[in-house]
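In what follows, a single structure is set out as structure tokens and then discussed.
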Amino acid sequence: MTFPTIIVRGLMRRPVRTGLTLFGISIGIAAVVALVGVSRGFETSWNVGMRTRHIDIVVSTLGSGITPKPFDASVRDRVAAVPGVTDTCALFVDFTSVEDSPMLIVSAREWGGFSWNHLKIVSGRMPNDATEPAVVLGRTAAETLKKKVGDPIQIDIRELKVVGIVDGGALVENGSVMLSLDLMQEITGNEGRINIIDVRVKPGSSEEEIQRVCEAINRVVPEAKAMSAGEHIASSEAYRFVQAMSWSTSLLAVIMGVLGVMNTMLMTVFERKQEICILLAIGWRRRRIMLMILGESALLGLLGGMVGVLIGVLGVKAIHGLPGIRGLLDPDLSPRLFVTSVTISIGVGVLSGLYPAWRSSRLTPSLALQG
Amino acid sequence: MNAAASNAATPQTCLFEAVGLQKEFDDGRVQALRGVDLRISEGEFVSIIGPSGCGKTTLLQMLGALDHPSSGELKYRGKSMLHGLDAATYRAREIGFIFQAFHLLPTFTAVENVQLPMLETTTKASERRERAASLLKSVGLEHRTDHFPAKLSGGERQRVAIARSLANQPSVLLADEPTGNLDSENAVMILELLIRIHREQKMTLILVTHDLSIARQASRMIEMKDGRVINDLRGALRP
């Protein structure tokens with residue numbers, strides 16, 4: 001028999017209580033995995049979308065809202081004139097409900113702009129011109145909306161026609177409804193307004209060079225902000241708010257886990273008071289008693305973390321399958337997130353065990369002779 | 001220190017020396033020991049007898065370093081137990097405890113219970129297991145090694161507890177009413193086992209009891225009342 005055996009036996013004394021405590025921590029850790037995984041995944045898939053369209057800089061007014069505020073389309077000409085800028089494409093992008101789907105990206109692109117170029121037709125065709133009342137759907141958006149080529153689709157108050165289904169090479173693109181900028185401006189009453197300008201710079205430019213171009217754009221365009229494509233989503237206030245919410249909700253769940261483990265370990269110490277005194281009476285050092293209690297709570301944390309990761313992954317998969325979400329998220333379920341989650345869980349276990357361990361080490365061995 | 005070895009060298013070494021030993025509880029409202037003077041030599045079999053509340057268990061706690069005296073001096077092999085000894089090391093290496101209620105840990109088998117004290121003294125798990133099995137054999141429980149306490153009779157549990165008390169080859173066995181929870185047949189068997197261990201291993205045995213017939217099995221009987229020693233009888237005590 002080894003010391004770890006003793007730790008395991010300690011937890012097996014009350015299997016139901018151990019199981020419930022473990023479930024408590026695992027819910028907290030599942031929340032970490034799910035919320036953080038989803039928010040990180042959103043950032044990743046957004047950035048992949050940018051790379052697919054070969055965008056180096058994004059000019060927008062992405063502030064606290066989920067979609068950027070519109071600004072005058074003439075800004076595009078000022079951006080295009082900035083030295084170092086090789087190409088631009090004006091867009092009007094909105095996150096909105098489309099028919100039965102609660103949230104989809106509706107991405108209106110300047111007709112003839114480079115943001116159309118990478119789209120591969122899976123079925124149907126591209127719109128004939130900027131004014132044809134037609135859209136193309138990303139593959140996932142088509143599945144979500146249950147649309148095929150030729151079907152009608154309602155955007156705002158106008159009925160348009162699905163003329164093609166495309167593969168955009170990235171989750172964000174495949175989850176979008178795409179149409180011409182002129183059509184969108186007309187439908188939404190935003191003539192002459194855009195809310196994003198995708199910018200390309202000279203191929204092979206370094207991060208420093210891209211930053212310099214951003215600074216130059218910001219000098220001539222005070223009404224919007226230019227950011228490198230990688231920073232764009234991460235610096236969005238809305239995204240940062242979502243991230244902060246994810247972490248704070250996770251933290252709350254983890255705190256509940258801490259309280260659960262601490263409660264269990266305190267009950268363990270009180271219940272096993274005499275046993276602990278007997279161990280002290282037969283020569284165990286107080287340090288070993290503390291290690292035993294800490295070991296039990298750390299093991300609870302480890303097991304809770306592992307179960308939590310499993311529940312989190314299953315939860316994320318379930319969320320991912322929901323019709324309104326499927327096109328928007330590619331959750332980040334990386335080993336790094338799992339290791340972080342399990343480490344947090346072990347930390348929760350150790351932290352929760354500190355006070356009970358200290359209490360256990362304060363017991364006097366003479367209690368062993370009573371009762 | 002191994003009892004047999006030290007006994008062979010100095011058979012009459014003073015093991016415990018108590019001078020004016022006092023113990024108070026509840027801010028002095030309860031006086032469990034009111035000045036006990038006592039010397040116990042190595043290899044003795046001493047019984048401590050007296051009515052409930054006379055202080056015999058408190059005295060045993062002091063001898064086993066489970067508690068500190070409120071005043072007075074208590075020495076083990078000439079060293080002050082308050083200042084000269086590390087209590088945990090002393091309890092682990094010098095003392096074997098036997099309790100009235102056996103106090104085996106329910107989630108561990110007999111052989112695992114016997115190994116528990118060895119975690120502080122023996123590094124190798126295989127050595128611990130081997131020694132525990134051999135100790136259980138010596139108390140006649142080789143066929144019950146992997147049984148949990150709940151599956152053992154009272155007499156068997158106390159024999160496991162005795163094997164556990166011998167785990168680290170202590171110099172002294174401290175037994176608190178070791179037959180108190182047993183029927184008469186098992187009580188006799190446990191007492192005989194303790195006497196056998198005392199004789200064969202020349203181990204000091206200090207046994208607390210309120211049963212005069214058991215106390216008389218010892219070569220020395222200390223009688224206590226109201227926290228004081230009122231009689232200290234030596235020699236053949238059997239009626």
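Naming: A, B, ... by sequence-line order, numbering from 1 per chain.
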Please give me the minimum heavy-atom distance between [X] and [Y], naming the atom from each residue.
X	Y	value
B:Ala125	A:Thr2	CB-CG2, 4.0 Å
B:Ala88	A:Trp284	CB-O, 4.4 Å
A:Met1	B:Leu116	CE-CD2, 3.8 Å

**Prompt:** Is there a donor-acceptor pair closer than 3.5 Å between any side-chain N or O of B:Glu120 and the backbone N or O of A:Arg285?
**Reply:** yes
**Request:** Keeping the roles fixed (side chain from A:Arg288, backbone from B:Leu119), state whether a donor-acceptor pair exists under 3.5 Å.
**Result:**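 Yes.
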Atom pair [atom1]/[atom2] of [X] and [Y] - distance to nearest 0.5 Å:
X	Y	atom1	atom2	value
A:Ile6	B:Gln115	CD1	CD	8.5 Å
B:His103	A:Glu275	NE2	CD	10.5 Å
A:Met12	B:Thr107	CE	OG1	8.5 Å
A:Ile282	B:Arg164	CD1	CZ	5.0 Å
A:Ser366	B:His68	OG	NE2	9.5 Å

Taking atom [atom1] of [X] as the centre, report whether more than 12 heavy atoms of other residues, nucleotides or ligands fall under 6.0 Å from it.
X	atom1	answer
B:His147	NE2	yes
B:Glu130	CD	no
A:Met290	CE	yes
A:Arg287	CZ	no
B:Phe148	CZ	yes
A:Arg362	CZ	yes

**Prompt:** Do the non-hydrogen side-chain atoms of A:Arg13 and B:Pro106 ever get within less than 4.5 Å of each other?
**Reply:**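 Result yes, sub-4.5 Å side-chain heavy-atom pair found.
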**Request:** Report the option among B:Ala65, B:Ala132, B:Gly96, B:Ala92 that has the most heavy-atom pairs separated by less than 4.5 Å from atoms of chain A.
**Result:**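 Result: the option with the highest number of such pairs is B:Ala92.
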**Asked** Who wins among B:Thr109, B:Leu105, B:Asp67 for the most heavy-atom pairs under 4.5 Å with chain A?
**Response** B:Leu105
Checking heavy atoms, do the side chain of [X], its backbone, both or neither come under 4.5 Å from chain A?
X	result
B:Phe108	both
B:Ser126	neither
B:Arg128	side chain

